[in-house]
Amino acid sequence: MRIVLGIEYDGSPFCGWQTQPARPTVQDVVETALALIAGRSSRVVCAGRTDTGVHALGQVVHFDTDASRPESAWVKGVNAHLPPSVSILWARPVAEEFHARFSALARRYEYVLVNRPVRPAVGAAGVGWFPLPLDIDAMRAAAARLLGTHDFSTFRSAQCQAKSPVRELRDVSIERDGDIIRFRFEANAFLHHMVRNIVGCLVYVGKGKHAPDWTGHLLRARDRAVAAPTFAPHGLYLVAVDYSSHWGLPIPAARRPFSYSPP
């Protein structure tokens with residue numbers, strides 16, 4: 001039987017999603033908790049492997065098991081064995097053809113940035129920070145040049161294992177609410193560090209280091225070395241993963257990470 005889980009987690013205590021030797025990861029704690037409910041170990045496959053310090057409101061995973069349990073056991077039972085920073089939101093049985101990664105139609109990320117001279121203290125592990133003024137309109141103009149299907153080599157990390165750097169960036173929005181700037185991204189899939197690298201480049205434009213058309217030049221260059229540094233992971237959230245309705249999974253809720261605005 002194949003089971004699908006929706007998961008949220010605070011990535012601050014973890015060295016990312018994926019299992020690593022002698023390092024705490026989200027995958028490790030989820031698989032350990034599942035084994036206690038299923039009575040045997042199960043390998044969990046996720047929709048998107050988040051990095052150290054990156055959070056999720058709508059991670060989706062699947063695993064296979066011979067154990068017959070009610071859906072409530074895969075939620076409340078597993079949660080009873082998870083640390084407070086990780087929570088199973090829902091569980092559904094699904095056809096074996098489903099794959100958390102390869103069946104996904106789109107991923108949505110949000111980056112939350114505190115933009116003020118003084119660094120945040122309350123909730124600092126859930127936001128990025130930039131002290132200089134940022135031009136929202138310039139960043140929006142720069143982001144618009146990234147929309148569509150492109151080779152995003154300039155925005156992928158050297159450790160990226162994707163077979164192709166081509167991705168379709170379907171939507172980017174940038175909104176300010178007081179000191180909080182929210183960058184929202186939707187794509188068919190993302191490369192390793194792609195969102196954080198884009199945010200770093202948009203911040204360069206916002207602070208006036210480059211004109212908005214710089215992002216177009218970056219796409220054409222296909223060279224990571226010419227872009228801005230990778231931005232901090234703390235403000236990044238995997239908000240939702242979208243699937244075809246025929247799988248019968250819950251529709252991702254519209255959720256806003258870090259809704260509290262620091263003083």
Side-chain angles (χ1 to χ4, degrees), residues 9-18 20 23 25-26 46 48-56 59 107-115 119-120 123-132 134-136 138-140 142-143 145-147 150-167 169 172-174 180-212 214-239 257-258:
Y9 50 84
D10 175 355
S12 306
F14 301 104
C15 296
W17 166 267
Q18 189 173 11
Q20 303 177 50
R23 303 184 74 186
T25 69
V26 184
C46 72
R49 292 178 293 182
T50 52
D51 293 326
T52 299
V54 176
H55 320 289
Q59 176 71 275
R107 283 89 170 167
R108 287 178 271 158
Y109 279 87
E110 182 167 327
Y111 195 96
V112 183
L113 179 67
V114 173
N115 182 214
R119 63 174 175 81
V127 295
W129 172 58
F130 190 75
L132 303 178
L134 292 173
D135 184 333
I136 296 293
M139 291 193 295
R140 287 171 176 159
R145 289 166 168 80
L146 300 176
L147 291 171
H150 305 286
D151 181 327
F152 282 93
S153 291
T154 297
F155 301 95
R156 74 189 296 190
S157 76
Q159 292 76 39
C160 183
Q161 299 177 357
K163 294 181 180 179
S164 170
V166 176
R167 295 291 186 269
L169 187 59
V172 181
S173 67
I174 306 172
I180 298 290
I181 299 176
R182 298 178 183 275
F183 301 80
R184 295 186 178 94
F185 302 88
E186 179 180 331
N188 60 336
F190 289 88
L191 301 166
H192 189 213
H193 287 176
M194 180 174 161
V195 173
R196 291 165 57 195
N197 288 336
I198 291 176
V199 170
C201 292
L202 295 179
V203 167
Y204 263 32
V205 171
K207 72 175 184 177
K209 185 177 178 66
H210 294 283
W214 182 55
T215 51
H217 295 306
L218 292 177
L219 279 176
R220 293 188 290 273
R222 301 179 184 178
D223 182 358
R224 177 75 192 101
V226 302
T230 304
F231 220 71
H234 320 298
L236 184 58
Y237 297 77
L238 173 57
V239 174
F258 202 83

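The residues of the chain are indexed from 1 along the displayed sequence. Remember, predicted model here, so these are calculated numbers, not experimental data.
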Does any non-hydrogen side-chain atom of Phe231 lie less than 4.5 Å from one of Cys201?
-> no
Closest heavy-atom pair and its distance - Thr25, Cys15 | CG2-O, 4.0 Å
The reported gap from CG in Leu113 to CG in Leu134 (rounded to nearest 0.5 angstrom) is 6.5 Å
Can you label the angle between the His150 ring and the Phe152 ring as parallel, tilted or perpendicular, going by 30° and 60°?
-> perpendicular
Here the pair of heavy atoms bringing Val195 nearest to Leu236 is CG1-CD1, 3.5 Å
At what distance, to the nearest 0.5 angstrom, does CD of Gln161 lie from CZ of Arg156?
-> 10.0 Å
Could you pull out the closest heavy-atom pair between Asn115 and Pro131, with the gap in Å?
-> ND2-C, 4.4 Å
Name all residues meeting the side chain to side chain contact (heavy atoms under 4.5 Å, CB included) criterion together with Pro212; count only those two or more places apart in sequence or in a different chain, and write none if there are none.
-> Ala138, Ala141, Ala142, Arg145, Val205
By side chain to side chain contact (heavy atoms under 4.5 Å, CB included), Arg140 pairs with (sequence neighbours left out) Ile136, Asp137, Ile174
Considering all heavy atoms, the nearest Ser164-Leu191 contact | O-CD2, 3.6 Å
Side-chain donor/acceptor of Ser153 to backbone N/O of Arg222, under 3.5 Å = no
Output all residues satisfying ring pair (Phe, Tyr, Trp, His ring centres under 6.0 Å) with His55, sequence neighbours left out; order by chain, then residue number.
-> Tyr237
Residues in side chain to side chain contact (heavy atoms under 4.5 Å, CB included) with Arg224, at least two apart?
-> Asn197, Ala227, Thr230
Smallest separation among heavy atoms of Ala143 and Leu202, with atom names = N-CD2, 3.7 Å
Roughly how far apart are Thr215 OG1 and Ile198 CD1, rounded to 0.5 Å?
-> 9.5 Å
Which residue pairs satisfy the ring-ring contact (aromatic ring centres under 6.0 Å, His included) criterion with at least one member in residues 187-210, sequence neighbours excluded?
-> Tyr109-Phe190, His210-Trp214
Looking at CG of Leu146 and CE of Met194, how far apart are the two atoms once the value is rounded to the nearest 0.5 Å?
-> 8.0 Å
Going through the checks in order, is the side chain to side chain contact (heavy atoms under 4.5 Å, CB included) test met by Val199 and Phe185?
-> CA-CA 10 Å; Val199 170; Phe185 302 88; 3.9 Å; yes
Main-chain N/O of Leu218 paired with Thr154 side-chain donor or acceptor, under 3.5 Å | yes
Is the shortest side-chain N to carboxylate O distance from Arg196 to Asp51 below 4.0 Å?
-> yes
Non-hydrogen atoms of Phe14 and Thr52 that approach each other most closely | O-CG2, 3.5 Å
CZ (Arg49) with more than 12 external heavy atoms under 6.0 Å | no
Hey, can you pull the donor-acceptor pairs under 3.5 Å for the side chains in residues 123-130, sequence neighbours left out?
| residue | atom | partner | partner atom | Å |
| --- | --- | --- | --- | --- |
| Trp129 | NE1 | Arg116 | O | 2.9 |
| Trp129 | NE1 | Val118 | O | 3.4 |

Would you confirm whether Gln59, through its side chain, and Cys46, through its main-chain N or O, come within 3.5 Å as a donor-acceptor pair?
-> no
